[in-house]
Amino acid sequence: MGREREFRTVNRVLGDQPRLGPFPADQIVPWSAIALISYMVVKGFMQASWLATGIVTAWGWATWWTVSSNKAFFGKFVGTPRITRGYKPFVSVVNPLQPQPKKKRKLKKRR
């Protein structure tokens with residue numbers, strides 16, 4: 001028929017990472033643990049001020065977010081092997097092979 005196709009609206013967040021405001025949802029549990037540990041160590045054990053506790057907590061959150069937010073970040077530390085064909089014989093650095101003196105052959109006398 002002569003009717004034009006209408007486009008169906010699709011949810012824009014479909015396939016995106018879940019978020020809680022501006023923060024990714026997968027950061028909530030680690031950040032809570034970082035805040036709890038920071039509070040117990042800085043405020044509880046060291047008897048520091050709330051400002052110091054807040055600074056240590058914010059530093060921990062920023063460090064964790066930097067390290068874990070980019071999925072390829074952890075993979076950057078794993079070196080990829082480089083495979084080449086070599087023809088040199090192995091010589092140990094710890095126990096190098098000492099050249100053996102050549103033994104003299106004893107000649108047998110013919111009768």
Side-chain angles (χ1 to χ4, degrees):
M1 304 185 166
R3 190 173 138 192
E4 291 184 29
R5 291 186 171 212
E6 294 180 20
F7 290 103
R8 182 183 290 177
T9 56
V10 178
N11 191 352
R12 288 183 296 148
V13 296
L14 198 63
D16 281 353
Q17 183 180 14
R19 302 181 80 68
L20 190 62
F23 306 111
D26 63 343
Q27 300 289 332
I28 301 301
V29 173
W31 283 1
S32 300
I34 291 170
L36 181 65
I37 291 169
S38 298
Y39 173 77
M40 289 182 349
V41 170
V42 178
K43 186 72 175 159
F45 180 68
M46 298 174 66
Q47 299 291 317
S49 68
W50 280 106
L51 178 64
T53 306
I55 289 172
V56 169
T57 303
W59 169 76
W61 287 351
T63 303
W64 181 258
W65 196 359
T66 302
V67 169
S68 68
S69 66
N70 185 359
K71 298 298 180 198
F73 187 83
F74 284 122
K76 291 178 183 175
F77 297 109
V78 179
T80 56
R82 182 176 177 163
I83 299 172
T84 57
R85 190 174 299 239
Y87 298 101
K88 186 167 174 133
F90 173 76
V91 177
S92 174
V93 177
V94 180
N95 298 319
L97 185 63
Q98 301 295 327
Q100 298 290 333
K102 292 186 178 181
K103 293 182 179 179
K104 294 182 181 178
R105 285 189 192 176
K106 293 182 179 179
L107 295 175
K108 293 184 178 179
K109 293 183 183 179
R110 284 191 176 184
R111 294 188 192 188

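By convention here, the first residue in the shown sequence is residue 1.
In this structure, CD1 on Ile55 lies 12.0 Å from OG on Ser38, to the nearest 0.5 angstrom.
The hydrophobic cluster containing Met40 does not contain Trp31, counting ILVMFWY residues as joined when their side-chain heavy atoms lie under 4.5 angstrom apart, directly or transitively.
A side-chain donor from one of Gln27 and Trp64 sits under 3.5 Å from a side-chain acceptor of the other.
A search for side chain to side chain contact (heavy atoms under 4.5 Å, CB included) contacts involving Ala33 returns nothing, not counting sequence neighbours.
Considering all non-hydrogen atoms of both residues, Ile34 and Thr57 come closest at CG2-O, 4.2 Å.
Under the ring-ring contact (aromatic ring centres under 6.0 Å, His included) criterion, the residue pairs touching residues 40-59 are Tyr39-Trp50, with sequence neighbours excluded.
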